[in-house]
Amino acid sequence: MNALQRDLKRIVPLVEGLGAAKAAADPHRQRYHIQPPVGWLNDPNGLCKVGDTYHVFYQYSPLNPAGGVKMWGHVTSTDLLHWQQHPVMLYPDEPFDCHGAYSGSALYEDGRLWLFYTGNIKLPGDYDHIRTGRENNLCLATSRDCMQIDTKECLMHNRDYPAGLSCHVRDPKVWAQDGRYYLVLGARTLEDKGEVVILQSEDRYHWQLCNILTTAEPFGYMWECPDLFQLDGQWYLPVSPQGIPCQNKYGCGYFPVEGDWKGACTLGDYRPMDHGFDYYAPQSFLDGARRLQFGWMAMPDADYTCPTADYGWQNCLTVPRELTRDADGVLCQNPARELQTLRGEARALEAGSTATVDPCFELEAHPKGDFRLVFAGGLELCCRQRSVELRFTDDALGSGRDRRTVELDAPCREIRVLGDCSSLEIFLNGGRYTLTTRYFPAPGPVSLTLENTNATLWPLEGTNR
Ligand code: FRU
């Protein structure tokens with residue numbers, strides 16, 4: 001252990017201890033979502049299950065709720081509901097990662113956790129930090145007990161990546177397949193085109209180029225946080241593209257891969273993963289036969305805010321979502337079924353009524369035509385024919401968020417909503433469409449108005465201590 005790591009290991013718990021009471025006093029503190037003890041959280045990292053234990057890591061800046069140098073925060077759970085905080089797993093404490101242990105992923109094999117991540121370096125000087133002055137290194141850390149790092153090394157520098165790329169090449173997502181290892185990296189070319197680099201390895205240490213996936217025409221300048229997986233025989237490439245026309249500052253969606261991703265293939269039509277304000281950089285992992293995905297419930301560089309920063313913390317992950325493939329190849333997202341065990345006694349809500357409900361709730365409705373739901377008196381979910389609109393009519397409630405829309409391919413016949421103290425996750429038509437947003441209601445119960453649809457409502461038990 002080097003001196004920097006020794007000091008960081010002492011400083012971070014002190015900072016967490018100092019900020020804990022203030023964060024806990026925030027009425028917008030979430031009750032069943034993964035959130036940082038203090039400071040800033042972004043992307044989910046290193047998702048895996050080891051024995052009976054789920055490990056979720058996340059981009060974490062404990063020293064600054066507005067975001068600072070990134071390390072890997074760590075929580076575990078055996079039920080996907082109750083999450084236990086652990087000491088930081090990865091510190092930015094080596095010359096190859098000292099300006100951030102950036103996003104990455106995990107393998108558990110041979111009694112060890114293998115964490116692949118990006119070591120970020122920003123050289124001081126007159127650089128643009130895109131084509132020059134920046135290092136995005138491919139790094140590997142290993143751990144036998146899944147709590148402490150045993151080894152840490154840099155496997156590849158920018159000069160080892162394929163020619164034609166800018167310095168932005170990051171966020172390795174690794175998996176094992178047919179006796180080999182593969183990983184995808186998100187990249188920005190020197191021509192400002194987003195693409196995904198696929199590397200392959202026999203031994204997890206030495207990596208060669210396998211393929212490059214991109215669109216024929218440029219689709220944004222950078223693709224962050226790629227994933228690549230098969231679901232019911234179809235391969236999907238989720239990415240978070242920057243520089244595409246979309247409702248949010250950046251995109252978050254997926255391409256079906258047509259053909260063999262190791263060789264000749266094309267990317268099919270891009271489909272957004274979410275239509276709300278706050279969904280970015282999702283990652284998935286296999287849990288037995290099912291694939292679970294967590295997203296970051298925020299949007300980088302957005303012009304709306306998260307007022308919890310006043311309480312010294314900011315951002316959270318979504319609930320774990322189970323991914324399934326619809327008959328026509330659409331990826332559907334639904335809350336992991338474990339969440340249903342948080343349900344209290346069901347309550348029937350009538351069309352035309354306003355109820356007062358605990359902010360932690362689940363709602364399910366099966367509208368027969370157009371409908372409107374109003375959350376906390378200032379956030380409307382309206383559906384007219386196939387057009388769905390999520391609109392804040394109360395500025396404070398949305399903290400700068402205004403409206404988002406989505407055209408469905410069929411009338412909306414099913415709504416599920418998961419509410420926590422400062423978020424709503426909305427799932428429409430079996431999870432073919434989701435709208436995810438933070439919101440900031442006044443402390444205490446929230447009002448729920450239903451127009452033109454009945455609903456069932458369950459209070460949800462909080463699980464965060
Ligand atoms: C996405 C991202 C990643 C990067 C990480 C740094 O939100 O920009 O590309 O690895 O965040 O925190």
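Just follow the structure's listing: the first ligand is 1, and inside any ligand the first atom is 1.
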If you measure every N/O of [X] against every N/O of ligand 1, is any gap under 3.5 Å?
X    : answer
N42  : yes
Y102 : no
W296 : no

With a 4.0 Å cut-off on heavy atoms, does D43 reach ligand 1?
yes
Under 4.0 Å from any heavy atom of [X], which atoms of ligand 1 are there?
X    : result
Y280 : 1 (C), 7 (O)
K70  : 12 (O)
D171 : 3 (C), 4 (C), 9 (O), 10 (O)
S103 : 5 (C), 10 (O)
Q59  : 5 (C), 6 (C), 12 (O)

In terms of the angle between their ring planes, are [X] and [Y] parallel, tilted or perpendicular, with boundaries placed at 30° and 60°?
X    : Y    : answer
H55  : F57  : parallel
Y280 : Y250 : tilted
W175 : W261 : perpendicular

Quick one: nearest non-hydrogen protein atom to atom 8 (O) of ligand 1, plus distance?
E224 OE2, 2.8 Å
Kindly indicate whether a cation-pi arrangement holds for R271 with Y433, taking the cut-offs as under 6.0 Å to the six-membered ring centre and within 45° of the axis.
yes
Using ring centroids (six-membered ring only for Trp), state whether Y304 and F277 fall under 6.0 Å.
yes
Could you tell me if the ring centre of F219 sits under 6.0 Å from that of F255?
yes
Which atom names give the shortest non-hydrogen contact between W114 and E109, and what distance separates them?
NE1-O, 3.0 Å
